[in-house]
4 protein chains.
Amino acid sequence: MITAEPKNRRDRRRAARQEQILEAAAVVFSQNGYERATMKEIAQQADVSEGTLYNYFDNKIDLLNGVARAFADEVTRKIANIEANNLRDMMAQLLTDRFRSGRERRLFMLFLYEARLHPEIQQYYSQQALQRIIDETEKRFRGLIDAGVMRAIDPGVAARTISAAIMGFAALYELGRYGGGDNGFSPQKWGAQVTDIFLNGLAAEMVQ
Amino acid sequence: MITAEPKNRRDRRRAARQEQILEAAAVVFSQNGYERATMKEIAQQADVSEGTLYNYFDNKIDLLNGVARAFADEVTRKIANIEANNLRDMMAQLLTDRFRSGRERRLFMLFLYEARLHPEIQQYYSQQALQRIIDETEKRFRGLIDAGVMRAIDPGVAARTISAAIMGFAALYELGRYGGGDNGFSPQKWGAQVTDIFLNGLAAEMVQ
Amino acid sequence: MITAEPKNRRDRRRAARQEQILEAAAVVFSQNGYERATMKEIAQQADVSEGTLYNYFDNKIDLLNGVARAFADEVTRKIANIEANNLRDMMAQLLTDRFRSGRERRLFMLFLYEARLHPEIQQYYSQQALQRIIDETEKRFRGLIDAGVMRAIDPGVAARTISAAIMGFAALYELGRYGGGDNGFSPQKWGAQVTDIFLNGLAAEMVQ
Amino acid sequence: MITAEPKNRRDRRRAARQEQILEAAAVVFSQNGYERATMKEIAQQADVSEGTLYNYFDNKIDLLNGVARAFADEVTRKIANIEANNLRDMMAQLLTDRFRSGRERRLFMLFLYEARLHPEIQQYYSQQALQRIIDETEKRFRGLIDAGVMRAIDPGVAARTISAAIMGFAALYELGRYGGGDNGFSPQKWGAQVTDIFLNGLAAEMVQ
DNA sequence: AATGAATGAGACTTCATTCAT
DNA sequence: TATGAATGAAGTCTCATTCAT
């Protein structure tokens, strides 16, 4: 018999229900932020009663933690699965993948913001989730440097710079019209141009 | 036109009191975030009573709006005052100025995050404050392009890319240890390296 | 007569399970009090599921009633079994037996306190349980009066006075250090002295 | 000017309001016990809103603590004010004073019971309140021993024995009909008889 | 008969806002 | 104009009880 994880029917139901709650929480948290999200609304979104939430998570912050965990797993996996041998493709995928899903954009912002305010999230998110995302990016950069298609920049610095820009863009994007002005700053346009900036830099010629 | 602002003693006193409250609100909001900041705490920080807050601002969100307005004024002014004729100095000042003050870092995050959740802030912040900051940056870039020290990249895209990265770094910085890892990622080190990335790009050689 | 109670195997099993639940409930109620005791904790202590509790008892208050019933049976039986022909031995056993078991002390307090708040307990406990305990004590006192070793005091009044003191001491004892002060008020010391007070009174000489 | 405590009008109002809330809390706690008393009911009894309770007390347990404090003050004062030079009067007043007020009877039970369950109350009540009550009683007994109207029994033991009996009687009394049976056990009758027991003891003759 | 997940009423508590002083 | 006590709506969380499996 091969069925791995969910041993019996009850365990499968529990896992499914937990997933269903996490899904609902991700939706509500990403829409309203942590503080303005209410357990009542999450319960309604998950189509369960409020009490049921507490059968699966200790409290509201634990629920946010669960969402953070699932989110970090997903993003790390996505980055690890990027298939790109040249720098341009890698950059393009790093930059654009983060923007396909509005929920992912908003969760990125959510955790960055809330982590500072909630010690429990801070500990997990900054030391586990974000660390893994950055590490994965760094690893990919290291591969490209070894392949000779990327300058020998500290891959940790590069990974953080790209990650920071992605986060910032996520925020600008969510604010609508990229921080004001609808001057043709379309996804298609900036995708190419931002990649160009990161690849070739801003300087007219190489500056030391 | 002569500075007609503080007409008489009463008006001067009102302006001073309003400034004092905004200052306190900026401190408390930047520390605790909007939702977790309480009017009582702001009042204590400003050394006035809770009721007095309502003599100067309609409600809590109006107070956040006031802080946003003052913040945007200050940042715009700082950017306009940057004295730099070459790209490296410009980049260095853009990147490092935003990190001198912990309060400025946190307020940056605060408005980015809260603007999406509060229509009133959204309207003002994304259309006025952020717009002005980006416009000012764009204008400076345009000058550098005209001076021939910067590639002829769309200055709007460049301004938004830099701004996004700054915001992202602000968040990473606040999370402590730059998102995990104490691998010598010191302010001195990343200041130079990040500038290098933005000036010269990541690619081993110019990529089209 | 052969113990005719447990007719068949199923009944024996039911009785054993009921006993097991009552035992667990007595432990949890005596530790936490009625309101703070949870059905979940009682179930865990009894090593059954929450649902099973409701197969043996209608609800929480019915469970408390069951504990009260068993408790009254046990105490009444103990008093009836005291073997003492003189007043001093009787007093010593009445006073000290109630303190051997911490659980018995706490259950004494529990029922006294909760009975007033819960009509169902009130009815049973004050009219059945306590009544039987006091009646049994009264009966024993009557025997001692008849034997001429005890003054011809109303045995009902005497029984209630002794019972009241026992309850009060149970409470003081549970509070730790007998209401404060560790001035040598050891079980050995007060056992003898309290008996002396009840036997010989406080007055310097017989007062009318 | 002699007016001591309440300096100005606002302070007087605050003190009065706090008193009013404590009064209401004492009523509701004594009627329903701690757990079953609700903040809503206390607020209604005090004729204020629920929120106002929290302007004067940190939380529910702090409110119970406040009631305990006031109660201990009152009982200690009453005992100190007993005017009695002979043992019979002293006993009569100790025994009967505690029973005049149903609220005092019930509060006695309340604190004895809850103190064990709530560490905060435990600390204050058993170490401060009860200690003071017992100490005051002990002091009075010492005076009677010195006056030669009381046997040279350890006054600490005597004070605890009397206190224990009083508490136990308070409980029996509250249970209605003194633990069942309406056999002429009237307040008048038991007052005299219990005093007799404590004065002269149960034994037919002095027992060693 | 046993299980334990689901339910939802109701508890405590917070806090923006009002208003009498 | 300044104060801060009062308000009460709304939030998080608990837990006795039910019921499908």
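Lettering of chains follows the sequences in order, A, B, ..., and the numbering in each one begins at 1. As the structure is a prediction and not an experimental result, all values here were calculated from the model.
- Near-neighbour residues of DNA chain E inside residues 59-68 of chain D, defined by a heavy atom below 4.0 Å, number-ordered: D/Asn59, D/Lys60.
- To the nearest 0.5 Å, atoms NZ (B/Lys60) and CD1 (B/Ile42) are separated by 6.5 Å.
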Strand DNA chain E in bracket notation, Watson-Crick/G-U under 3.5 Å with | for pairs to another chain | .||||||||||||||||||||
Under the salt bridge (Lys or Arg N to Asp or Glu O under 4.0 Å) criterion, do A/Arg103 and A/Glu23 qualify, and how do the steps go?
-> CA-CA 11 Å; A/Arg103 211 179 75 193; A/Glu23 193 69 25; 2.7 Å; yes
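- Between D/Arg10 and F/dT3, a side-chain N or O to OP1/OP2 separation shorter than 4.0 Å is absent.
- By the 4.5 Å heavy-atom criterion applied to side chains, B/Arg17 and B/Thr52 are counted as neighbours.
- Dashed line: the shortest gap from a side-chain N or O of A/Arg13 to OP1 or OP2 of E/dG4 is not under 4.0 Å.
- Rounding to the nearest 0.5 Å gives a distance of 12.5 Å between CG of C/Asp58 and CG of C/Leu53.
- Contact of the A/Leu110 side chain with the A/Arg106 side chain is not registered, since no non-hydrogen atoms from C-beta on lie closer than 4.5 Å.
- With rounding to whole Å, A/Ile21 atom CD1 is found 12 Å from E/dA5 atom P.
- Applying the ring pair (Phe, Tyr, Trp, His ring centres under 6.0 Å) test to pairs two or more places apart or on separate chains, none has a residue in residues 39-58 of chain B.
- A straight line from CG of B/Asn32 to C1' of E/dC15 spans 14 Å, rounded to a whole angstrom.
- Using a 4.0 Å cutoff on non-hydrogen atoms, the parts of residues 46-55 of chain A near DNA chain F are A/Glu50, A/Tyr54, ordered by number.
- Contacts between residues 33-41 of chain C and DNA chain F, defined by a heavy-atom separation under 4.0 Å, are made by C/Ala37, C/Thr38, C/Met39.
- In this structure, A/Asp11 places its CG atom 16 Å from P of E/dT3, rounding to the nearest Å.
- A residue-by-residue look at B/Asp58 and C/Arg17 shows that C/Arg17 has its nearest nucleotide of DNA chain E further toward the 5' end.
- Qualifying ring pair (Phe, Tyr, Trp, His ring centres under 6.0 Å) partners for C/Phe29, counting only residues two or more places apart in sequence or in other chains: C/Tyr34.
- From B/Gln18, atom CD reaches atom CG of B/Leu22 across 5.5 Å, with rounding to the nearest 0.5 Å.
- Residue B/Gln44 holds its CD atom at 11.0 Å from OG of B/Ser49, rounded to the nearest 0.5 Å.
- When the C1' atom of F/dT21 is taken as reference, atom CZ of A/Arg12 falls 14 Å away, rounded to whole Å.
- For the pair B/Asn32 and B/Thr38, the minimum side-chain heavy-atom distance is 4.5 Å or more.
- In this structure, the separation between CE on C/Met109 and CE on D/Met109 is 9.5 Å, given to the nearest 0.5 Å.
- OP1 or OP2 of F/dA5 lies within a sub-4.0 Å distance of a side-chain N or O belonging to D/Arg14.
- Taking 4.5 Å as the limit, every side-chain heavy atom of B/Glu35 sits out of range of all side-chain heavy atoms of B/Leu117.
- The distance from atom CZ of B/Phe111 to atom NE2 of B/His118, rounded to the nearest 0.5 Å, is 11.0 Å.
- Residue contacts for D/Phe57: at a heavy-atom cut-off of 4.0 Å it reaches no nucleic acid atom on any strand shown.
- B/Ile42 places its CD1 atom 12 Å from the C1' atom of E/dC15, with the value rounded to the nearest Å.
- The CZ atom of D/Arg9 sits 15 Å away from the C1' atom of F/dG4 (whole-angstrom rounding).
- Between A/Glu41 and A/Gln45, the closest side-chain pair of non-hydrogen atoms is not below 4.5 Å.
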